[in-house]
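Worksheet for the structure shown next.
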Amino acid sequence: MQPDFLGAMEKKSEFLIPVSGLALGSHSYQFEINDDFFADKEYSEIQQGKVAVSLDVDRQETMLTLRFGINGTVRVACDRCADEFDQPIEDEREFFIKLGTENAEESDDVAVVEANTHDFDVSTLIYEYITLAVPMHRVHPEGQCNPEVIALLSKEEASESDEETIDPRWAALKDIKLEDNK
């Protein structure tokens, strides 16, 4: 799903970075992401978290390079026991804004905005990058899963291995060897 960088989303002023009025050179921004940020996102898998986002913007004549640094924790469900826990995340991403004659999205990491655009909302990028920083396999650190659920899973695995014993009638067939028909 392509994010709506340039659409008619409600923009929050703390996530707007200047484009047309930004001086050439490097500029730094800091964002503290918390539960309120995630609450505004519909259908978000992440509802809670505390993430520090640093954004370095390198403004050039015809383009801006945005470098995001993400570090913090988000609350997710454990894939093993289904209890929630705070998953540490850390990531770095780059995004490019080209200055052109009309707004367009070139790719996942490049957008074209009109040269006279006043500001650019980075909240969608921040949300996307936080979501991408969460590992695919989410489990508690060793020994921290819910012991009741782990006991039930162990019991289930034991009963499944008991069911896998081979019926003696079929076991005899394993000993029969086929001879080549020549």
Side-chain angles (χ1 to χ4, degrees), residues 1-80 82-141:
M1 177 168 96
Q2 283 283 350
D4 185 13
F5 302 116
L6 310 168
M9 291 181 6
E10 182 179 326
K11 297 179 181 181
K12 291 188 174 185
S13 61
E14 69 257 36
F15 297 106
L16 297 178
I17 59 166
V19 175
S20 62
L22 191 63
L24 295 177
S26 295
H27 307 274
S28 294
Y29 302 88
Q30 299 294 321
F31 303 99
E32 291 298 321
I33 306 302
N34 58 30
D35 300 350
D36 293 336
F37 178 82
F38 297 110
D40 289 342
K41 307 296 180 195
E42 279 189 59
Y43 310 112
S44 175
E45 182 178 358
I46 302 169
Q47 292 298 313
Q48 295 177 310
K50 184 171 178 154
V51 181
V53 177
S54 63
L55 171 59
D56 292 324
V57 178
D58 183 20
R59 170 73 154 104
Q60 300 164 5
E61 284 291 327
T62 60
M63 143 175 147
L64 287 84
T65 302
L66 285 63
R67 289 181 188 88
F68 293 86
I70 295 167
N71 193 341
T73 61
V74 292
R75 183 151 289 263
V76 294
C78 176
D79 290 341
R80 187 180 300 132
D83 281 358
E84 289 189 340
F85 73 103
D86 290 331
Q87 172 71 55
I89 59 169
E90 188 173 348
D91 202 4
E92 292 182 3
R93 299 283 176 154
E94 267 189 344
F95 188 82
F96 303 94
I97 301 174
K98 292 181 179 179
L99 303 178
T101 57
E102 62 182 40
N103 293 339
E105 295 172 30
E106 279 193 1
S107 68
D108 289 341
D109 59 355
V110 178
V112 178
V113 298
E114 293 177 10
N116 63 354
T117 298
H118 295 285
D119 47 43
F120 186 84
D121 185 358
V122 294
S123 64
T124 301
L125 289 172
I126 290 172
Y127 174 74
E128 243 187 36
Y129 294 157
I130 289 172
T131 303
L132 290 171
V134 177
M136 293 285 287
H137 187 62
R138 305 159 192 170
V139 294
H140 281 101

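Every residue two or more places apart in sequence or in another chain that forms a side-chain hydrogen bond (donor to acceptor under 3.5 Å, both in side chains) with S28 is listed here: D56. Partners of N34 according to the side-chain hydrogen bond (donor to acceptor under 3.5 Å, both in side chains) rule, which considers only residues two or more places apart in sequence or in another chain, do not exist here. In terms of the ring-ring contact (aromatic ring centres under 6.0 Å, His included) criterion, Y127 has no residue partners (sequence neighbours excluded). For D91, the salt bridge (charged side-chain N to carboxylate O under 4.0 Å, His left out) criterion is met by R93, not counting sequence neighbours. Every residue meeting the side-chain contact (heavy atoms from CB on, under 4.5 Å) condition with E114, not counting sequence neighbours, appears here in chain and number order: N103, N116, T117. Considering only residues two or more places apart in sequence or on other chains, F31 meets the ring-ring contact (aromatic ring centres under 6.0 Å, His included) condition with F15. The side-chain contact (heavy atoms from CB on, under 4.5 Å) search around Q60 returns D58, M63, T65, not counting sequence neighbours. For K98, the salt bridge (charged side-chain N to carboxylate O under 4.0 Å, His left out) partners are E106, not counting sequence neighbours. Residues meeting the side-chain hydrogen bond (donor to acceptor under 3.5 Å, both in side chains) test with D35, sequence neighbours left out: none.
Contact between A82 and A77 at its shortest, heavy atoms only, is O-CB, 4.1 Å. Summarising the geometry of V53 relative to F68, their closest heavy-atom pair is CG1-CD2, 4.1 Å, with the distance given to 0.1 Å. When all heavy atoms are compared, the tightest approach of I70 to I130 is CD1-N, 3.9 Å. Residues A115 and S20 approach most closely at O-CB, 3.7 Å, considering heavy atoms.
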I'd like a table of donor-acceptor pairs (distance under 3.5 Å, sequence neighbours excluded) in which one partner is a side-chain atom from residues 83-90, with atom names and distances.
{"unit_1": "D83", "atom_1": "OD2", "unit_2": "N146", "atom_2": "ND2", "d": "3.1"}
{"unit_1": "D86", "atom_1": "OD1", "unit_2": "R75", "atom_2": "NE", "d": "3.3"}
{"unit_1": "D86", "atom_1": "OD1", "unit_2": "R75", "atom_2": "NH2", "d": "3.2"}
{"unit_1": "D86", "atom_1": "OD2", "unit_2": "R75", "atom_2": "NH2", "d": "3.4"}

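Between the CG atom of L64 and the NE2 atom of H27 there is a distance of 8.0 Å, given to the nearest 0.5 Å. To the nearest 0.5 angstrom, Y29 atom OH is 12.0 Å from I126 atom CD1. The CG atom of L22 sits 14.0 Å away from the NE2 atom of H118 when rounded to the nearest 0.5 Å. Between T73 atom OG1 and Q48 atom CD the span is 10.0 Å, to the nearest 0.5 Å. Put simply, CG on L66 and OH on Y129 are 8.0 Å apart, with the number rounded to the nearest 0.5 Å.
Taking a 6.0 Å sphere around CD of E92, one finds it holds 12 or fewer heavy atoms contributed by other residues, nucleotides or ligands.
Listed by first then second residue, pairs satisfying salt bridge (charged side-chain N to carboxylate O under 4.0 Å, His left out) with a partner in residues 45-55 read E45-R138, not counting sequence neighbours. Pairs passing the salt bridge (charged side-chain N to carboxylate O under 4.0 Å, His left out) check and including a residue from residues 18-32, sequence neighbours excluded, do not occur.
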Step-by-step side-chain contact (heavy atoms from CB on, under 4.5 Å) determination, F120 to L125: CA-CA 11 Å; F120 186 84; L125 289 172; 3.9 Å; yes

side-chain contact (heavy atoms from CB on, under 4.5 Å) between L99 and V113, worked out: CA-CA 5 Å; L99 303 178; V113 298; 3.7 Å; yes

Please report the C-alpha distance between S123 and K41 in whole Å, then the side-chain angles of each, then the deciding distance to 0.1 Å, and finally whether the side-chain contact (heavy atoms from CB on, under 4.5 Å) criterion is met. CA-CA 10 Å; S123 64; K41 307 296 180 195; 4.2 Å; yes

Begin with the C-alpha distance, continue with both residues' side-chain angles, and end with the deciding distance and a verdict on side-chain contact (heavy atoms from CB on, under 4.5 Å) for F95 and V122. CA-CA 10 Å; F95 188 82; V122 294; over 6 Å; no

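Side chains of L24 and E61 form a contact here, defined as non-hydrogen atoms less than 4.5 Å apart.
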